[in-house]
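Report on the structure given below.
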2 protein chains.
Amino acid sequence: MLGALTLQDNGVPIYVQLRDQIAAAIGRGDLAPGARLPTMREVAVTLAVDLNTVQRAYAALEEDGLVTMVQGRGSFVADPAPPARSRSAEIRTLAAKVAAQAQAAGVSLDELAEALRHLSGRAAP
Amino acid sequence: MLGALTLQDNGVPIYVQLRDQIAAAIGRGDLAPGARLPTMREVAVTLAVDLNTVQRAYAALEEDGLVTMVQGRGSFVADPAPPARSRSAEIRTLAAKVAAQAQAAGVSLDELAEALRHLSGRAAP
DNA sequence: AAAATTGTATGATAATATGCATACAATCTC
DNA sequence: GAGATTGTATGCATATTATCATACAATTTT
């Protein structure tokens with residue numbers, strides 16, 4: 001199942017954020033082959049984003065062979081599940097980026113890791 | 001030392017890619033506080049990118065408190081920020097922001113916390 | 001068959017990103 | 001002091017991104 005999509009105001013285009021989050025969910029196995037994606041209009045409404053923007057994201061996913069779209073039916077995870085990419089490097093990249101923010105905020109990595117552990121113990125906000 | 005900066009044609013704005021890569025290098029410790037960043041013109045030339053674009057990336061890094069720019073001298077990694085006033089609240093705020101980024105990247109908080117502990121030089125519990 | 005749902009498409013508009021050229025200001029080097 | 005280096009700034013042109021509005025086409029539901 002696809003976790004909640006979220007948008008950030010960090011300069012990355014909205015359609016890229018959507019594409020990458022959905023691609024990550026598929027690669028992670030949260031969305032199995034054949035599973036139905038949320039309706040473009042659903043995504044557009046819940047995220048307060050234009051339908052064209054969602055369409056662009058879905059089209060990019062289809063371009064990458066991750067998703068197939070059928071008019072009148074919906075959009076689905078493509079059948080041959082693409083091999084899950086190695087995530088360790090991606091995680092390390094994120095960790096480094098986060099570490100920079102922590103340093104800028106004067107927070108040690110241990111303190112941040114501890115706070116994250118507490119956050120992960122609760123339900124997703 | 002800053003590893004080679006690379007640009008990808010994945011829809012992410014160039015200045016965002018530069019900002020994130022340099023921020024990651026700082027957080028990773030590859031660029032220590034006080035270390036000099038490559039000249040804006042150096043980056044612009046070697047990556048075949050406009051000077052304005054590099055400037056935008058550097059300005060964003062300064063905005064985030066990661067870099068300080070001095071006219072005529074160059075740009076340098078900022079000294080770590082002094083401890084915040086209400087420390088626990090500050091940490092929680094940062095953790096929440098970071099949690100959003102992790103979700104956007106398809107990385108669980110546990111994975112991120114683990115990577116952060118690794119970065120800080122400690123073994124996992 | 002009719003209505004609702006869902007993907008597909010278009011045109012207009014505003015904001016943003018990038019490149020190109022040029023110039024100024026502060027600092028360093030000689 | 002003169003020249004080179006480096007950050008800072010501007011104006012213009014073009015492409016990309018996002019929104020709004022509207023409409024059509026294929027499929028499902030009633």
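In what follows, every chain begins at residue 1, and chains take the letters A, B, ... in the order their sequences are listed.
- One can place CZ of B/R56 at 11 Å from P of C/dG19, the figure rounded to the nearest angstrom.
- If you measure from atom CZ of A/R19 to atom C1' of D/dT17, you get 13 Å, rounded to the nearest angstrom.
- When rounded to the nearest whole Å, the span between CD1 of B/I14 and P of D/dT17 equals 12 Å.
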Contacts under 3.5 angstrom, residues 44-61 of chain B side chains, donor-acceptor by atom type, not counting sequence neighbours:
{"from": "B/T46", "atom 1": "OG1", "to": "B/E42", "atom 2": "O", "distance (Å)": "3.0"}
{"from": "B/T46", "atom 1": "OG1", "to": "B/V43", "atom 2": "O", "distance (Å)": "3.3"}
{"from": "B/D50", "atom 1": "OD2", "to": "B/N52", "atom 2": "N", "distance (Å)": "2.8"}
{"from": "B/D50", "atom 1": "OD2", "to": "B/N52", "atom 2": "ND2", "distance (Å)": "2.6"}
{"from": "B/Y58", "atom 1": "OH", "to": "B/P38", "atom 2": "O", "distance (Å)": "2.6"}

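- Between B/Q55 atom CD and C/dG19 atom C1' the separation is 14 Å, expressed in whole Å.
- Between A/L31 and A/L37, some side-chain heavy-atom pair lies under the 4.5 Å cut-off.
- Under 4.0 angstrom from either OP1 or OP2 of D/dT19 there lies at least one side-chain N or O belonging to A/T53.
- Between the B/Q17 side chain and the B/V12 main chain, a donor and an acceptor come within less than 3.5 Å of each other.
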(request) Summarise how protein sits on nucleotides 20-30 of chain C as a single string, 5' to 3': B when a protein heavy atom is under 4.0 Å from the base, S for sugar-phosphate-only contact, - for no contact. (result) BB-B-BBSS--

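- Whole-Å rounding puts the A/F76 CZ to D/dA26 P distance at 17 Å.
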(message) Test side chain to side chain donor-acceptor pair (under 3.5 Å) on A/E90 and A/T93; report intermediate values, then the result.
(response) CA-CA 5 Å; A/E90 203 162 332; A/T93 298; over 6 Å; no

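- Protein atom CG of A/D9 is 10 Å distant from nucleotide atom P of C/dT16, rounded to whole Å.
- The OH-C1' distance, from A/Y58 to D/dA18, rounds to 18 Å in whole Å.
- Side chain to side chain, B/E114 and B/H118 fail the donor-acceptor criterion of an N or O pair below 3.5 Å.
- In this structure, B/S75 reaches the D/dG7 phosphate: one of its side-chain N or O atoms is under 4.0 Å from OP1 or OP2.
- Between B/Q21 and B/T6, some side-chain heavy-atom pair lies under the 4.5 Å cut-off.
- Using a 4.0 Å heavy-atom criterion, one finds that B/Y15 contacts the sugar-phosphate atoms exclusively.
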